[in-house]
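Here's the structure, in structure tokens; my notes come after.
As the structure is a computational prediction, the values presented were derived from the model and not from experiment. Just so it is clear, the values below take in all heavy atoms, side chains as well, and ignore hydrogens, waters and symmetry mates.
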Amino acid sequence: MNDLVSIIMPAYNTEKYISESIQAVLNQTYTNWELLIVDDCSTDSTTAVVESIKDPRIHLLKNEHNSGAAVSRNYALREARGRWIAFLDSDDLWDATKLEKQITFMEANNYAFSYTSYEEIDEDGKPTGTLITGPKRITKHKMFNYCWPGCLTVMYDASVIGLIQIEDIKKNNDYAMWLKVCRKAECFLLDSNLAQYRRGRSGSISTQSKIGLIKWHYRLYRVCEKKRALASLLFVVRNLAGVVIKKIRYRKMV
């Protein structure tokens, strides 16, 4: 277990949280990593906070124009040098053993694509008592029906998957990425709580209206996946069913 991990972190106006997210990476028991932070023209002190943290494994990249998370992730992925690709948003957190346990899990089972369980925290970082898990195995078909993995938990093997680049969509861009990755490998669950997702922060996808989310899901299938209108609508309906299934089977109070 000595292959480089490239950690993809888009950032925009997260001066309040990003140092804690970076510290979660610095705390990792698996130390062979590079953290690629792409600042999307923040108007607060996000850049200054990143520059104040001195570690040669941290690389700050900057977009020329405010472009959104899809463009930022694409940029970081083009610069990534690691075999393993992991994702952490600039307001979320990892358990210190996250990388080590996930790589061990993937190497032991010869998996190229995996995700873990995670818990939700509120805007102030306090646990909400909610644990999110998912199916043990996600096939391509199952991934198209619903976005089961939390972005902050995903890892894939770039030596198998190759370079992933997605369409420039403003929402669901992580889902667009998993739809591409699942064409190369099925996704498997490491059923261990190894991450913390900050829910409810202003501007995050968890605060979007239900109608808005439906529109963005339709756009995902229609624009990114080039599906016909009727097929895109069918996938949206299946996705709504996935929301219900997730709440019943995979969302737990702890």
Test side-chain contact (heavy atoms from CB on, under 4.5 Å) applied to His65 - qualifying residues, sequence neighbours left out: Ser67
Does the gap between the ring centers of Trp178 and Phe87 come in under 6.0 Å? yes
Is a donor on one side and an acceptor on the other found under 3.5 Å between the side chain of Gln28 and the backbone of Asp95? yes
Could you give me the CA-CA distance, side-chain angles and deciding distance for Glu51 and Lys62, then say whether salt bridge (Lys or Arg N to Asp or Glu O under 4.0 Å) is met? CA-CA 12 Å; Glu51 291 175 336; Lys62 298 180 182 180; 3.8 Å; yes
Flag the pair Arg83 and Glu107 as a salt bridge only when some basic side-chain nitrogen lies within less than 4.0 angstrom of an acidic carboxylate oxygen. yes
Distance check, rounded to the nearest 0.5 Å: Ile166 atom CD1 versus Ile169 atom CD1? 6.0 Å
Residues in ring pair (Phe, Tyr, Trp, His ring centres under 6.0 Å) with Trp33, at least two apart? none
Could you walk me through whether Glu186 and Arg137 satisfy the salt bridge (Lys or Arg N to Asp or Glu O under 4.0 Å) test, starting with their C-alpha distance in whole Å, then the side-chain angles of each, then the deciding distance to 0.1 Å, before giving a yes or no? CA-CA 7 Å; Glu186 294 182 344; Arg137 174 182 172 221; 2.6 Å; yes
Is it the case that the side chain of Tyr175 and the backbone of Phe144 share a donor-acceptor pair, with hydrogens and angles ignored and the cut-off at 3.5 Å? yes
Atom CG of Asn193 and atom CG of Asp191: how far apart are they, to the nearest 0.5 Å? 9.5 Å
If we count only N and O atoms by modelled type, under 3.5 Å, do the side chains of Asn2 and Asn32 hold a donor and an acceptor together? no
So, taking the atom named NE2 in His59 and the one named CZ in Arg81, what distance separates them when rounded to the nearest 0.5 Å? 5.5 Å
Would you say Asp157's side chain and Ser159's backbone share a donor-acceptor pair under 3.5 angstrom? yes
Sub-6.0 Å ring centroid separation between Phe188 and Phe113: no
Regarding Asp122 and Thr128, is there a side-chain donor-to-acceptor distance under 3.5 Å anywhere? no
Quick check against the 3.5 Å criterion: does Arg251 have a side-chain atom that pairs as donor or acceptor with the backbone of Lys246? no
d(Ile18 CD1, Ile37 CD1) to nearest 0.5 Å is 4.5 Å
Stepwise side-chain contact (heavy atoms from CB on, under 4.5 Å) check, Leu35 with Arg57: CA-CA 6 Å; Leu35 175 58; Arg57 297 170 296 179; over 6 Å; no
Residue that, paired with Arg73, satisfies side chain to side chain contact (heavy atoms under 4.5 Å, CB included) out of Gln165, Met9, Met177, Arg78: Met177
Hey, mind stepping through Glu167 and Lys180 against salt bridge (Lys or Arg N to Asp or Glu O under 4.0 Å) and telling me if it holds? CA-CA 11 Å; Glu167 299 286 343; Lys180 288 185 179 294; 5.9 Å; no
Test item: Trp94 side-chain N/O and Leu152 main-chain N/O as donor-acceptor pair under 3.5 Å: yes
Are a donor atom and an acceptor atom from the side chains of Gln102 and Ser114 found within less than 3.5 Å of each other? yes
What are the two closest non-hydrogen atoms of Ala112 and Ile161, and how far apart are they? O-CG1, 4.3 Å
Examine Arg199 relative to Tyr197 and say whether NZ or CZ is less than 6.0 Å from the centre of the six-membered ring and inside a 45° cone about the ring axis. no
Under the 3.5 angstrom rule, does the side chain of Ser6 hit a backbone N or O of Gly82 as a donor-acceptor pair? yes
Quick one: pull up CG in Leu93 and CD in Gln196 and give me the separation to the nearest 0.5 Å. 5.0 Å
With sequence neighbours left out, write down each residue that passes side chain to side chain donor-acceptor pair (under 3.5 Å) with Thr43, or none if nothing qualifies. Asn13
Exercise: do Asn63 and Ser72 side chains pair donor with acceptor under 3.5 Å: yes
Whether the Asp39 and Thr46 side chains hold a donor-acceptor pair (N or O, under 3.5 Å, no angle test) is what I'd like checked. no
Value rounded to 0.5 Å, distance of OH in Tyr221 from CG in Leu234: 9.5 Å
Is it true that a side-chain atom of Ser45 and a backbone atom of Ala48 form a donor plus acceptor pair closer than 3.5 Å? no
